[in-house]
> 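Please read through the structure below; I'll follow up with questions.
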Protein chains: 2
Amino acid sequence: MSAIRVAVDVVILAIREGKLQVLLVKRRYAPFQGRWAIPGGFVKEEESLESAAQRELEEETGVRDVYLEQLYSFGDPGRDPRGRIVSVCYFALLSSGDIAPKAGTDAADAGWFAAFQPPPLAFDHARILDYALLRLRYKLEWTTAGFQLLPKKFTLTDIQKVYEAVLNKRLDKRNFRRKLALLDVLEPLHEYRSEGAQRPARLHRFSAKKFELLKDKGILFPF
Amino acid sequence: MSAIRVAVDVVILAIREGKLQVLLVKRRYAPFQGRWAIPGGFVKEEESLESAAQRELEEETGVRDVYLEQLYSFGDPGRDPRGRIVSVCYFALLSSGDIAPKAGTDAADAGWFAAFQPPPLAFDHARILDYALLRLRYKLEWTTAGFQLLPKKFTLTDIQKVYEAVLNKRLDKRNFRRKLALLDVLEPLHEYRSEGAQRPARLHRFSAKKFELLKDKGILFPF
DNA sequence: TGACATAGTGTCATATCAACACTATAATAG
DNA sequence: CTATTATAGTGTTGATATGACACTATGTCA
């Protein structure tokens with residue numbers, strides 16, 4: 001009937017080496033053979049869009065139970081030389097603790113890149129990545145999604161570095177922590193982490209119970 | 001190849017009789033024959049998603065150059081008994097000045113309904129409408145999109161009523177106007193509108209030139 | 001045991017917020 | 001022409017949040 005095909009693409013983001021990075025795959029075949037691309041694939045007959053995105057994500061990273069959010073659907077005729085393909089795009093936020101396990105399907109054709117300085121990308125993927133980064137910045141300013149980029153236990157400096165990496169600016173430590181305290185979503189643990197010849201930092205964890213309340217109260221978090 | 005078909009649905013919203021209303025069409029055929037539904041249709045081979053949405057919008061309202069924004073894509077298997085259909089949904093904000101011209105393709109099977117108390121809807125359209133209303137509320141709080149619901153010339157009370165209709169709460173006139181002034185996007189005209197046995201209200205128009213600057217400055221507008 | 005490097009903490013001047021009530025004025029009725 | 005009417009239009013205040021700013025605390029390692 002219709003010759004339009006439906007695909008999902010997943011912009012997979014994580015903090016690595018203190019920077020926001022994106023997972024890309026190298027295309028094996030034409031078009032754009034050898035170019036880096038956002039991982040994705042066609043939606044199967046019996047799976048939901050979100051399941052398809054989760055499947056792609058798991059194929060690339062081996063990770064499940066990850067923050068995943070629908071981003072936008074791109075469907076201009078001509079965006080893919082192989083034919084009319086509508087791509088429903090998602091973005092995923094990986095905890096830095098989740099990255100090691102697999103590091104891409106296979107080292108040769110998957111890799112992490114600085115999200116703000118990606119290599120040339122196939123198709124309209126540069127636009128998709130830009131949009132994901134824009135959305136992530138909004139998310140960080142208005143929600144607590146930033147904690148998804150951290151492992152379960154983290155220091156206050158860890159979360160500040162996430163904000164600095166994504167918003168791409170330095171933040172004042174005291175003001176940042178005052179706002180964090182106001183948010184009231186962190187539970188200080190009785191554990192500390194030593195990072196060198198200096199005072200160890202206290203570990204905290206994100207308390208999801210309070211998350212819903214925050215949304216109800218309409219608290220914004222624009223640093 | 002793929003049996004997945006791609007459609008667009010457009011949630012068309014406007015202020016009528018002081019209330020937020022949504023344009024619905026009555027289904028002529030099964031499934032859900034006789035039920036009200038959000039207007040939409042299949043995407044044609046050669047048109048972009050946005051063009052398809054614009055086409056549907058124009059077919060229903062006869063109006064062009066309307067605020068149109070992609071909302072979300074719904075694609076669960078089973079959401080449409082006729083087969084696997086992925087619907088890319090948009091929402092449109094009509095100026096109340098644009099409504100009279102056509103009032104639906106044909107009076108018998110198109111009509112305006114209170115957006116917050118719609119009739120039973122076909123398919124998963126109740127969910128789509130809910131999502132559109134949620135998004136519109138955010139839009140109003142964080143952007144100047146609310147002006148799209150007004151004609152070119154309007155009074156300050158007009159815009160306040162739009163906010164009250166969408167946010168579904170009463171607002172303080174003086175505080176509202178203070179924030180409007182802060183936004184600095186309104187141009188007072190040397191025209192007034194009489195509405196009865198009382199002082200006439202000054203007309204204003206939205207000045208789009210200043211719009212971009214606002215976004216750059218990152219000014220929010222949460223009433 | 002001293003040097004190191006990051007952890008952790010408070011104040012003040014400014015801006016923003018919500019709550020609140022009265023005067024101005026054109027149209028209309030008599 | 002005058003009074004009535006109903007909406008238009010306008011400021012202040014006390015409370016809260018904000019950004020700018022600098023020093024002390026402390027575990028580790030040499």
Side-chain angles (χ1 to χ4, degrees), chain A residues 15 17-18 140-144 150-151 153-165 167-205 214 217-223, chain B residues 15 17-18 140-144 150-151 153-165 167-205 214 217-223:
Chain A
I15 303 285
E17 298 158 8
L140 237 61
E141 287 173 354
W142 295 339
T143 74
T144 50
L150 290 172
K153 300 175 182 181
F154 51 85
T155 69
L156 299 181
T157 299
D158 288 341
I159 180 66
Q160 181 171 346
K161 281 185 176 157
V162 167
Y163 272 81
E164 289 179 337
L167 301 181
N168 202 28
K169 66 178 172 190
R170 302 296 307 269
L171 299 171
D172 179 85
K173 182 161 62 160
R174 282 166 295 181
N175 291 342
F176 183 83
R177 290 179 180 211
R178 170 154 40 87
K179 290 204 191 187
L180 271 187
L182 256 174
L183 261 192
D184 192 29
V185 294
L186 291 189
E187 187 178 325
L189 303 173
H190 296 285
E191 294 177 62
Y192 296 81
R193 192 175 67 203
S194 281
E195 200 87 83
Q198 76 261 181
R199 178 174 175 177
R202 184 163 198 174
L203 291 171
H204 296 70
R205 75 171 165 206
L214 268 180
K217 281 199 280 180
I219 292 178
L220 301 182
F221 201 14
F223 284 101
Chain B
I15 303 285
E17 299 158 7
L140 237 61
E141 288 172 353
W142 296 338
T143 75
T144 51
L150 289 172
K153 302 175 181 180
F154 51 85
T155 68
L156 299 182
T157 299
D158 288 342
I159 179 67
Q160 182 172 344
K161 282 184 175 157
V162 167
Y163 272 82
E164 290 179 337
L167 302 181
N168 202 29
K169 66 179 172 191
R170 304 293 309 267
L171 299 171
D172 179 86
K173 182 161 61 162
R174 281 166 294 183
N175 291 340
F176 184 83
R177 289 180 181 210
R178 173 162 32 86
K179 289 202 190 188
L180 271 187
L182 255 174
L183 262 191
D184 192 29
V185 294
L186 291 189
E187 188 178 327
L189 303 174
H190 296 285
E191 293 176 64
Y192 297 80
R193 192 175 68 203
S194 280
E195 199 88 84
Q198 75 260 176
R199 178 174 178 177
R202 185 164 200 173
L203 291 171
H204 295 70
R205 76 169 165 211
L214 268 180
K217 281 198 279 180
I219 292 179
L220 300 183
F221 201 14
F223 284 99

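On a predicted model such as this, the values are computed, not experimentally measured, just so you know. Every chain is numbered from 1, with letters handed out A, B, ... down the list of sequences.
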> In terms of side-chain heavy atoms of B:K173, which of D:dG9, C:dA18, C:dC17 is nearest?
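Looking only at side-chain atoms, B:K173 lies closest to D:dG9.
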> With sequence neighbours excluded, tell me which residues meet salt bridge (Lys or Arg N to Asp or Glu O under 4.0 Å) with B:K153.
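B:K153 satisfies salt bridge (Lys or Arg N to Asp or Glu O under 4.0 Å) with B:E191 only.
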> When you check the phosphate oxygens OP1 and OP2 of D:dT18, does a side-chain N or O of A:K179 lie under 4.0 Å from one of them?
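True: A:K179 side-chain N/O within range (under 4.0 Å) of D:dT18 OP1/OP2.
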> Write down the distance between CZ (A:R202) and C1' (D:dT26), rounded to a whole number of angstrom.
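Whole-Å distance recorded here is 15 Å.
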> Indicate yes or no: does A:R177 engage A:D172 in a salt bridge with an N to O separation below 4.0 Å.
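So A:R177 does not pair with A:D172 through a salt bridge.
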> Looking at A:K169 and A:E164, is any side-chain nitrogen of the basic one under 4.0 Å from a carboxylate oxygen of the acidic one?
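Looking at A:K169 together with A:E164, the answer is no, because their closest N to O distance does not fall below 4.0 Å.
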> As a test of reading the structure: which of D:dG27, C:dA7, D:dG19 is closest to the side chain of A:P200, going by heavy atoms?
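Output: D:dG27.
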> Nearest of C:dC17, D:dA8, C:dA21 to any side-chain atom of B:T157?
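The closest nucleotide is D:dA8.
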> Looking only at heavy atoms, what is the nearest atom pair of B:H204 and B:P188, with distance?
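In this case the closest contact between B:H204 and B:P188 is CD2-CA, 3.5 Å.
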> Looking at residues 188-199 of chain A, who's got a heavy atom less than 4.0 Å off DNA chain C?
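Nucleic-acid contacts, sorted: A:A197, A:Q198, A:R199.
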> Is B:N175 side chain donor-acceptor paired with the C:dC17 base, going by distance under 3.5 Å alone?
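Answer is no: no donor-acceptor pair is held.
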> Could you state the atom-to-atom distance from CG of A:L171 to P of D:dT18 in whole Å?
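Rounded to whole Å, this separation is 13 Å.
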> Assess whether one donor atom and one acceptor atom, taken from the side chain of A:R174 and the base of D:dG19, lie less than 3.5 Å apart.
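No pair found.
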